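Take a look at the structure set out below.
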Amino acid sequence: MIEQFVEAGSTYARNIDNVILLIGVLVGFWWALSTGVFFGLILKYRAKPGVRAKYVPGTSKVEKKFINIPHGLVLVCDVLVIIAAVQVWVHVKQTLPEPDYEIRIIGQQWAWTFQHPGADGELDTDDDIRLVDELHIEVDKNYVFHLEATDVMHSFSVPIFRLKQDAIPGRTITGWFNATITGEYDIQCAEMCGIGHGVMGARIHIERGEQHAAWVADQTPTVATVDAQ
């Protein structure tokens, strides 16, 4: 359902969508039921000529069941949501897969700097590729990212991945993703980071293997030459 509005472009995007959908269905059900009961009681017990209002203390067992039973059922729904959410959290945030590539992401007012591995496939070597507001990755590969911020708190958000991770000054935060579709998509800053927050957007280019290899080969010599100077 969520994919009708925003594509699911990572291996864990649908897992996150399912948790959101579960919460939406449960909350929607209880909202509809409670609203129906609320207005139903208003209509049934509305003021009528010649009928005096009755005081209901809510202390009898019959009266209490209308509180206790729904309360217990809501708690069961809460437990279901917690179980589903924790499973996804462990998969996305606690389990780091073996990386095919590593990248570094640096947030600053008001741009993203992306450090890609060069032709050697290793990060933090002389042929690294550094671009502003432009991230290039290969589809169906595990990417481990190292997220940093140079000034204030930012938040690295890729909607098609269902990825949102705060970038905190003084810390390097590690995360991962594996893209399942190709194309060009939005990267956002999802944290109010100053007057230029609204223009702190970037693009992610998800490419097939041969296309990405050609891009790396085209970029690496240029960057290596600049670094050598």
Side-chain angles (χ1 to χ4, degrees), residues 7-13 15-16 91-191 193 200-228:
E7 288 186 88
S10 71
T11 52
Y12 50 66
N15 301 102
I16 296 174
H91 173 56
V92 177
K93 296 292 187 178
Q94 301 290 318
T95 306
L96 196 66
E98 187 67 27
D100 295 303
Y101 298 103
E102 294 185 61
I103 56 175
R104 178 164 284 103
I105 304 168
I106 303 171
Q108 64 189 72
Q109 292 178 314
W110 289 277
W112 295 103
T113 299
F114 300 104
Q115 183 178 343
H116 310 69
D120 62 1
E122 299 291 333
L123 192 66
D124 294 327
T125 59
D126 291 339
D127 68 346
D128 283 355
I129 304 167
R130 294 174 176 84
L131 295 176
V132 175
D133 291 339
E134 190 175 330
L135 174 61
H136 288 254
I137 65 169
E138 184 178 343
V139 70
D140 296 326
K141 297 291 185 181
N142 287 330
Y143 278 81
V144 169
F145 62 82
H146 306 286
L147 181 62
E148 304 172 8
T150 62
D151 37 39
V152 300
M153 183 180 292
H154 300 279
S155 187
F156 179 67
S157 172
V158 186
I160 64 158
F161 290 171
R162 310 300 190 263
L163 169 63
K164 179 181 178 295
Q165 177 60 62
D166 287 347
I168 302 172
R171 292 182 58 184
T172 299
I173 299 173
T174 302
W176 71 281
F177 56 78
N178 184 319
T180 57
I181 58 176
T182 58
E184 184 179 339
Y185 301 94
D186 286 332
I187 295 173
Q188 304 168 341
C189 178
E191 186 74 38
C193 58
M200 190 173 168
R203 300 289 284 175
I204 182 170
H205 301 258
I206 308 171
E207 302 155 344
R208 300 194 181 279
E210 62 278 4
Q211 182 185 7
H212 185 68
W215 178 84
V216 171
D218 181 63
Q219 292 289 321
T220 301
T222 302
V223 176
T225 302
V226 172
D227 287 347

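Note that the structure is predicted; figures quoted are calculated from it, not measured. Sequential numbering from 1 along the given sequence is applied to the chain's residues.
When all heavy atoms are compared, the tightest approach of Glu7 to Arg162 is O-NH1, 2.7 Å. Asp166 and Lys164 make their closest contact through OD1-NZ, 3.6 Å (heavy atoms, listed as atom of the first residue, atom of the second, distance).
At least one side-chain heavy atom of His154 sits less than 4.5 Å from a side-chain heavy atom of Trp112. Taking 4.5 Å as the limit, every side-chain heavy atom of Val139 sits out of range of all side-chain heavy atoms of Ile181.
Defined by atom type and a distance below 3.5 Å, a donor-acceptor pair is present between the side-chain atoms of Lys93 and Gln165. Judged purely by distance below 3.5 Å, without hydrogens or angles, the side chains of Asp128 and Gln115 pair a donor atom with an acceptor atom. Using a 3.5 Å distance cut-off with no hydrogens or angles, the side chains of Glu134 and His136 do pair a donor with an acceptor.
Note: Tyr143 and Trp176 fail the aromatic proximity criterion, with ring centroids not under 6.0 Å apart.
Of the charged side-chain nitrogens involved, none lies within less than 4.0 Å of a carboxylate oxygen, so that Arg208 and Glu138 do not count as a salt-bridged pair. Between Arg203 and Asp186 there is a salt bridge, since a side-chain N of the basic residue sits under 4.0 Å from a carboxylate O of the acidic one.
Exactly one of Phe161, Tyr185, Tyr101 qualifies for a ring pair (Phe, Tyr, Trp, His ring centres under 6.0 Å) with Phe177. That residue is Phe161. Residue His116 is tested with Leu123, Leu135, Ile137 for a side chain to side chain contact (heavy atoms under 4.5 Å, CB included); the sole match is Leu135.
For the pair Asp127 (side chain) and Asp120 (backbone), a donor-acceptor distance under 3.5 Å is present. Looking at Asp151, its side chain does come within 3.5 Å of a backbone N or O of Gln109 through a donor-acceptor pair.
Taking OG1 of Thr113 as the reference point, atom CD1 of Ile105 lies at 11.0 Å (rounded to 0.5 Å). Here CH2 of Trp215 is found 7.0 Å from CD of Glu207. Values are rounded to the nearest 0.5 Å.
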